[in-house]
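For clarity, every value in this text was computed on a predicted model and none was experimentally measured. Just so we're on the same page: letters track the sequence lines, and every chain starts at 1.
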2 protein chains.
Amino acid sequence: MTIGEIAKLAGVAKSTVSRYLNGGSVGVATRLKLERVIKETGYVPNTFARSLKAKKTNIIGTIVPRLNSYAATQTLIGIDEELREQGYQLLISNTSQNLDREIESIYSLENQKIAGIILLATQITDEHLDAFQKVDVPVLLVGQQHEQCYSLIHDDETAGYEIGKYVLSQGHRKIAFVGVTENDIAVGVKRKRGFQKAIQEEKECEVTYFETSFNLKEAIKKFPSIMEAYKPSIFVCATDNIALGILKAAQMEGLNVPRDLSITGFGGYEVTEVIHPGITTAKFFYQEAGELAAKKIVKLVNGEEVAKVTVSNFDIILRNSVDSLI
Amino acid sequence: MTIGEIAKLAGVAKSTVSRYLNGGSVGVATRLKLERVIKETGYVPNTFARSLKAKKTNIIGTIVPRLNSYAATQTLIGIDEELREQGYQLLISNTSQNLDREIESIYSLENQKIAGIILLATQITDEHLDAFQKVDVPVLLVGQQHEQCYSLIHDDETAGYEIGKYVLSQGHRKIAFVGVTENDIAVGVKRKRGFQKAIQEEKECEVTYFETSFNLKEAIKKFPSIMEAYKPSIFVCATDNIALGILKAAQMEGLNVPRDLSITGFGGYEVTEVIHPGITTAKFFYQEAGELAAKKIVKLVNGEEVAKVTVSNFDIILRNSVDSLI
DNA sequence: CTGAAAGCGCTTACAG
DNA sequence: CTGAAAGCGCTTACAG
């Protein structure tokens with residue numbers, strides 16, 4: 001089925017069919033005829049021919065560092081749902097945490113004439129900025145922020161602040177903060193900064209900062225040395241994964257959480273609710289953020305005006321991993 | 001940059017460039033010139049023009065019921081990696097567990113001229129079979145099997161058998177098997193069947209079968225009634241999610257796992273290792289299965305001969321959620 | 001091995 | 001509102 005056959009069946013010109021298909025104005029008689037013929041034949045336009053000519057598609061490419069992450073998949077689900085509603089299609093490009101592949105993906109998506117790019121970002125390097133400029137396609141950062149880019153971020157700093165406040169309110173005064181590399185601004189810098197702000201409002205409080213990776217097992221390994229050297233009453237972990245690792249390590253040593261040791265996380269991963277004890281955490285709304293991101297990139301694609309940065313919400317979820325020392 | 005410009009720069013005809021690009025035979029002088037020009041210009045062929053003419057792409061569409069599942073994402077990762085190596089591209093189509101959308105996706109992928117379809121299947125209905133026939137595109141089922149289809153499955157039945165054997169070997173003789181709907185052949189039927197086979201080899205053993213959904217929270221809810229009515233020494237759960245739910249429920253009631261109650265799962269989800277106690281489970285190799293699937297669909301696309309059904313391996317992972325009653 | 005030409009299925013000025 | 005024609009960037013017989 002091609003546009004030519006439809007034209008013949010309806011007794012009009014190809015250009016008229018095309019106009020009808022693209023919402024142009026056609027006479028009512030023509031419209032009726034076309035409607036009928038297209039329905040009867042089940043005609044669907046050929047995407048390639050269309051894209052070849054129009055030089056663009058209705059595809060939004062999303063670059064994601066990894067597929068096996070709660071945050072990533074939830075965000076993708078949100079993007080997917082919203083894009084579908086808006087008549088766009090999602091193309092996922094997984095980079096397996098390889099920054100080079102991230103750059104490649106930007107160019108290769110452009111080559112595929114996608115309408116816009118959403119990048120679930122971890123770090124923004126100069127190569128990224130370079131690529132963004134060169135490709136001449138709207139780009140939206142999710143999870144990280146950069147002055148030169150549109151972005152949608154989580155409120156990491158406020159979340160860090162409120163976690164800090166809560167921990168203090170429960171009487172904890174000897175705290176181990178387990179963070180990650182400062183290369184990751186959102187997770188490594190902002191969450192910590194918010195937390196520190198809360199701490200500064202409290203006179204007597206001892207905090208030691210540790211750094212680990214995003215890897216759960218590494219957190220498990222780190223635990224004994226921290227515990228031995230410092231003996232905090234609570235571990236404030238920069239991600240739920242780290243919190244899970246600390247919890248596992250503590251339980252393996254026969255400690256009772258929260259009686260012997262308290263733990264908090266960030267993220268609101270599903271597991272933190274299912275595990276025993278449930279972990280107190282700052283829950284981000286990844287799926288909702290994905291929807292917001294989809295809306296924003298579509299506007300960007302259509303040349304509409306949008307805020308440079310959108311901030312997605314969070315909730316502090318109180319569960320049983322924090323003991324009250326009061 | 002188009003093929004025409006390259007042709008001009010190299011002083012040859014467009015058709016020669018095309019032939020060079022597609023691995024056809026060209027004279028060595030031409031080859032050298034073309035190589036240089038293409039490198040210098042950074043020319044990349046336009047996918048749409050190519051697909052329009054060639055009427056097919058090097059894209060493999062994968063239909064997945066949900067993105068937020070360990071099994072699904074691990075399988076996707078495997079597919080993605082392998083496809084990339086083979087020079088194919090992955091297009092993910094998420095259906096949010098909506099069977100209708102699954103059917104739609106099949107047709108819509110065909111419309112996009114993808115080379116082949118991988119379906120991470122749950123159920124195969126007549127509509128599926130219908131669609132498979134109509135689309136005239138190679139289809140590979142992953143996770144479920146059907147006589148009319150090529151498929152890659154996990155060894156659910158043997159896994160069920162070995163879990164059964166192990167449970168019996170630890171002295172358990174009063175067992176609650178918590179399964180799922182028999183609409184899902186792999187999970188609902190085969191795992192149970194394998195388990196039953198093991199049970200039949202043991203004279204004195206009491207088993208009661210319960211059914212729940214794939215939803216973790218529903219398992220939590222089911223727990224008290226089962227416990228009260230039956231009081232088993234062990235819960236054999238048809239999925240790790242169910243096992244996690246049972247574990248959570250047990251711990252909420254103050255029971256000690258495995259001292260007061262034992263639990264096993266199926267799947268080998270990452271959480272089952274991280275949680276305390278670790279859950280004894282049949283681990284499937286999802287990523288590896290994804291790679292196998294990718295290899296198989298590529299062969300299918302190329303018209304090579306492949307086995308109707310491929311079986312992916314599993315391992316029984318012994319952890320601390322099962323008490324020895326001996 | 002190489003080239004000229006037709007054609008894939010659309011869209012887009014342009015004329016009417 | 002409608003149609004004829006050119007063209008998007010490639011591939012594919014066909015001839016040489």
Side-chain angles (χ1 to χ4, degrees), chain A residues 1-38 41-59 87 89 107-115 136-137, chain B residues 1-38 41-59 87 89 107-115 136-137:
Chain A
M1 241 341 88
T2 73
I3 206 173
E5 304 180 58
I6 298 296
K8 196 164 293 171
L9 284 172
V12 299
K14 290 193 307 181
S15 36
T16 304
V17 181
S18 173
R19 221 176 299 113
Y20 166 78
L21 254 21
N22 294 293
S25 52
V26 291
V28 54
T30 327
R31 143 162 302 113
L32 260 26
K33 241 186 309 182
L34 251 15
E35 261 169 15
R36 195 172 46 74
V37 173
I38 288 176
T41 55
Y43 166 75
V44 232
N46 179 312
T47 330
F48 300 114
R50 179 171 272 181
S51 307
L52 175 57
K53 196 59 196 157
K55 306 219 160 188
K56 62 167 215 176
T57 64
N58 65 338
I59 300 174
Q89 211 202 334
Y107 291 113
S108 121
L109 286 173
E110 184 213 19
N111 185 239
Q112 293 182 67
K113 308 290 185 266
I114 47 86
D136 182 41
V137 166
Chain B
M1 241 342 86
T2 74
I3 206 174
E5 305 180 58
I6 299 295
K8 196 164 294 173
L9 284 172
V12 299
K14 289 194 308 182
S15 36
T16 305
V17 182
S18 174
R19 220 175 301 115
Y20 166 77
L21 254 19
N22 294 293
S25 52
V26 290
V28 54
T30 328
R31 143 163 302 115
L32 261 26
K33 243 185 308 181
L34 251 15
E35 261 169 14
R36 195 172 48 73
V37 173
I38 288 175
T41 55
Y43 166 76
V44 233
N46 179 311
T47 332
F48 300 115
R50 179 170 272 182
S51 307
L52 173 57
K53 197 57 197 158
K55 306 219 160 186
K56 62 167 215 176
T57 64
N58 66 337
I59 300 174
Q89 212 202 333
Y107 291 114
S108 122
L109 285 174
E110 184 212 19
N111 184 240
Q112 293 181 69
K113 309 288 185 267
I114 47 88
D136 183 41
V137 165

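Residues A/Met1 and A/Ile6 have side chains in contact (heavy-atom distance under 4.5 Å, counting atoms from C-beta outward). When side chains are defined from C-beta on, B/Val17 does not count as touching B/Lys14, because their heavy atoms never get closer than 4.5 Å. A 4.5 Å side-chain heavy-atom check between B/Arg50 and B/Leu21 finds at least one atom pair inside the cut-off. With contacts defined as side-chain heavy-atom distances shorter than 4.5 Å, the pair A/Thr47/B/Phe48 does not qualify. In this structure, the side chains of B/Lys113 and A/Asn46 come closer than 4.5 Å at one or more pairs of heavy atoms.
Per the geometry, CG belonging to A/Asn111 stands 12 Å off C1' belonging to D/dG9, to the nearest Å. Rounded to an integer number of Å, the gap from B/Lys8 NZ to D/dG9 C1' is 14 Å. Atom CD1 of A/Ile3 and atom C1' of D/dA5 are 15 Å apart (whole Å). One atom, CG of A/Leu21, and another, P of C/dC10, lie 8 Å apart when rounded to the nearest Å. Per the geometry, NZ belonging to B/Lys33 stands 13 Å off C1' belonging to C/dG3, to the nearest Å. Regarding A/Leu34, its CG atom lies at a distance of 12 Å from the C1' atom of D/dT2, rounded to whole Å. Residue A/Asn22 contributes atom CG, which lies 17 Å from atom P of C/dG9 at whole-angstrom precision. Nucleotide C/dT11 holds its P atom 13 Å from the CZ atom of B/Phe48, rounded to whole Å.
Among the nucleotides D/dC8, C/dC10, C/dC8, the one closest to the side chain of B/Leu52 is C/dC8. Among the nucleotides C/dT12, C/dC10, D/dC1, the one closest to the side chain of A/Tyr43 is C/dC10. Nearest nucleotide to the B/Ala13 side chain, out of C/dT2, C/dG3, C/dC1: C/dG3. Ranking D/dT11, C/dT11, D/dG3 by closeness to the A/Ser15 side chain, first place goes to D/dG3. Checked against D/dT12, D/dG9, C/dT2, the side chain of B/Ser18 finds its nearest nucleotide in D/dT12. Among the nucleotides C/dC10, D/dC10, C/dG9, the one closest to the side chain of A/Lys14 is C/dC10.
Residue contacts for B/Thr30: at a heavy-atom cut-off of 4.0 Å it reaches the sugar-phosphate backbone alone, with no base atom in range. Residue A/Tyr20 is classed as having no contact, given no heavy-atom separation below 4.0 Å to the nucleic acid. Within the nucleic acid shown, A/Thr2 comes within 4.0 Å of sugar-phosphate atoms alone, with no base atom in reach, counting heavy atoms only. Nucleic acid contact for B/Val17: none, since no nucleic acid atom lies under 4.0 Å from a heavy atom of the residue.
To the nearest 0.5 angstrom, A/Arg19 atom CZ is 11.5 Å from A/Arg31 atom CZ.
The phosphate of D/dT2 has neither OP1 nor OP2 within less than 4.0 Å of any side-chain N or O from A/Thr16. Using a 4.0 Å cut-off, no side-chain N or O of A/Asn46 falls inside it from OP1 or OP2 of C/dC8.
Base pairing of D/dT2: its partner is C/dA15, meeting the Watson-Crick or G-U wobble criterion (both donor-acceptor distances under 3.5 Å).
Heavy-atom distances to DNA chain C give each of B/Arg19 and A/Lys53 a nearest nucleotide, and the one nearer the 5′ end belongs to B/Arg19. Of the two residues near DNA chain C, A/Pro45 and B/Gly11, the one whose nearest nucleotide lies more 5' is B/Gly11.
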